[in-house]
Amino acid sequence: MLLLGKTLYGLKQSAKQFWRALLMCFKSMNVLKSKVDPCLYYQWEPKGLVIWLSWVDDCLVVGPKPAVMRARDEFMARFNCDDLGEVNEYVGCKLEHNKEEGWMKLTQPVLLKSYEDEFDLPTNGPIPTTPAEGGQVLRPCEDGGELSPERQTKYLSGVGKMLHMMRWSRPDVLNAVREQSKYMQVVSPGHMKVMKRIMRYLTTTKERGLCLHPKRKWDGDPSFEFRVYGLSDASYATDLEGRKSVSGESVFLEGSLVCMRSSQQKSVTLSTAEVELVAATLCAQEMLFVMRLLESIGLKVQKPMELFVDNKGAVDLANNWSIGGRTCHMEVRQYFLRDLKDEGIIITKWISGEEMSSDLFTKNLHGPLFQ
């Protein structure tokens, strides 16, 4: 039996042991941990708010420069680590920052290059302007038409890379990649062709990325109320086998997209109003998370937050207390949104389908609408 004097790099418990040491360090620095996100830490100072983020042993500190410099010096006195300066890259994402115009863009050029190097992407034919053909819905592989084990392994690798990219820097491919990830057990040549189309679209639009451009600038005042709003949409009975629908949700903080999701719903719904109600509930949950995250570090959120839906039936269900035989099977979701309204936390409002940007996350759109 071996008794470790200290945790070795590469062991299962190494990351958690380092996190525990990190918590002890922050406690000695009077830095508090968020009760919502265990890897988010904060400290209010006369010079403003200092925020720390940790990703295993990669730490990021943001805030007013004098306060950040002091926090950095305190931290480096406790750990033998390197100061990499102003953040230009973090956890595989390249960060482009324009301080004058007040925006930041996240891209993943190394991952994009791996698509070209590893997957033999087509070079002939027109360059795709969308990740997938408009209206396209993937189908399961027919018996006997599956790829060889080697090519299937390649497919799994490619979809895995795109899942990472859609999560961090390319929300425009959320729906297309979500569809690809449904077929990971048995893969057809058609699935491989669609995957390469998505990759080619990504590599020919390298300049695109997740751009964070807040509409207002915070001056550090603790009484400032941040605006959070959400947009939810759904596509009814998209799954041709199970007849389940697809939800698309996006949450914005001061006009910047901070949460986005494209997901197949867990149950079969009976109407377009019901499917939109399910999507609205999922979006409300994401909005509550963002609200609680901000409040956990001492910031304030403007209430009620606005949740926008493009289905008037779903909006009416969320805003009144009537109940009937055709809606009693979904009353828990109704009551959830109604309670949030009565408590002054979230109010559900209608907007037109032309303004519903979350439509991008529910189906493969045709070129003009996608753009």
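Positions are given from 1, in the same order as the sequence printed here. Just the heavy atoms: all of them, side chains too, but no hydrogens, waters or symmetry mates, feed the values below. Fair warning: this is a prediction, and the values are worked out from it, not measured in the lab.
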Check this for me, if you would: do Glu241 and Lys182 make a salt bridge, where the nitrogen-to-carboxylate-oxygen distance has to be below 4.0 angstrom? no
Just by modelled atom types, is the Glu118 backbone N or O under 3.5 Å from a matching donor or acceptor in the Lys154 side chain? yes
Side chain of Glu179, backbone of Lys363: donor and acceptor closer than 3.5 Å? no
Hey, are the side chains of Val194 and Gln180 touching, using non-hydrogen atoms and a 4.5 Å cut-off? yes
Given 3.5 Å as the limit, does a donor-acceptor pair link the side chain of Ser34 with the main chain of Val36, or not? yes
The side chain to side chain contact (heavy atoms under 4.5 Å, CB included) partner of Tyr41 among Leu22, Val50, Leu53 is Leu22
State whether the side chain of Gln43 and the backbone N or O of Met29 hold a donor-acceptor pair below 3.5 Å, judged by distance alone. yes
Okay, side chain of Arg200, backbone of Pro128: is any donor-acceptor separation there less than 3.5 Å? no
Gly92 backbone acceptor or donor facing Trp168 side chain under 3.5 Å: no
Trp44 side chain to Leu49 main-chain N or O, any donor-acceptor pair under 3.5 Å? no
Is there a donor-acceptor contact under 3.5 Å from the side chain of Thr281 to the main chain of Leu277? yes
May I ask you to check whether Trp52 and Phe75 place their ring centres under 6.0 Å from each other? yes
Side chains of Thr362 and Asp359 only: does a donor on one sit below 3.5 Å from an acceptor on the other? yes
Can you tell me how far OG1 of Thr269 sits from NZ of Lys244, rounded to the nearest 0.5 angstrom? 10.5 Å
Of Val290, Val258, Leu231, the one forming a side chain to side chain contact (heavy atoms under 4.5 Å, CB included) with Phe252 is Leu231
Under 3.5 Å, is there a donor-acceptor pair between the Ser358 and Ser232 side chains? no
Is there a donor-acceptor contact under 3.5 Å from the side chain of Ser54 to the main chain of Val56? no
Could you tell me if the side chain of Val228 sits less than 4.5 Å from the side chain of Met291, heavy atoms only? no
Salt-bridge test for Asp342 and Arg338: reply yes if a basic N is under 4.0 Å from a carboxylate O, no otherwise. no
Please give me the minimum heavy-atom distance between Asp120 and Lys196, naming the atom from each residue. O-NZ, 3.6 Å
4.5 Å side-chain heavy-atom contact, Val246 and Ser262: yes
Rounded to the nearest 0.5 Å, how far apart are CD1 of Ile198 and CZ of Arg170? 11.5 Å
Side chain to side chain, Leu257 and Leu210, heavy atoms closer than 4.5 Å: yes
Sort out for me which residue in Lys94, His164, Lys206 forms a side-chain hydrogen bond (donor to acceptor under 3.5 Å, both in side chains) with Gln108. His164
Less than 4.0 angstrom from a charged side-chain N to a carboxylate O is my criterion; do Glu306 and Arg227 meet it? yes
CE/Met162 to CE/Met199 distance, rounded to the nearest 0.5 angstrom? 5.0 Å
Just so I know, are the side chains of Arg178 and Leu174 near enough to count as touching, which here means a heavy-atom distance under 4.5 Å? no
Has the side chain of Asn311 got a donor or acceptor atom that lies under 3.5 Å from a matching backbone atom of Gly313? yes
Could you go step by step and tell me if Glu225 and Lys303 meet the salt bridge (Lys or Arg N to Asp or Glu O under 4.0 Å) rule? CA-CA 9 Å; Glu225 292 187 341; Lys303 297 186 182 71; over 6 Å; no
Donor + acceptor pair across side chains of Glu274, Ser271 (<3.5 Å): no
Contact between Asp233 and Glu276 at the side-chain level, heavy atoms closer than 4.5 Å - yes or no? yes
4.5 Å side-chain heavy-atom contact, Leu360 and Phe370: yes
Rounded to the nearest 0.5 Å, what separation is found between the CG atom of Leu340 and the OH atom of Tyr335? 15.0 Å
Would you say the side chain of Met195 lies within less than 4.5 Å of the side chain of Tyr183, judging by non-hydrogen atoms? no
Shortest non-hydrogen contact from Gly145 toward Pro189: O-CD, 3.1 Å
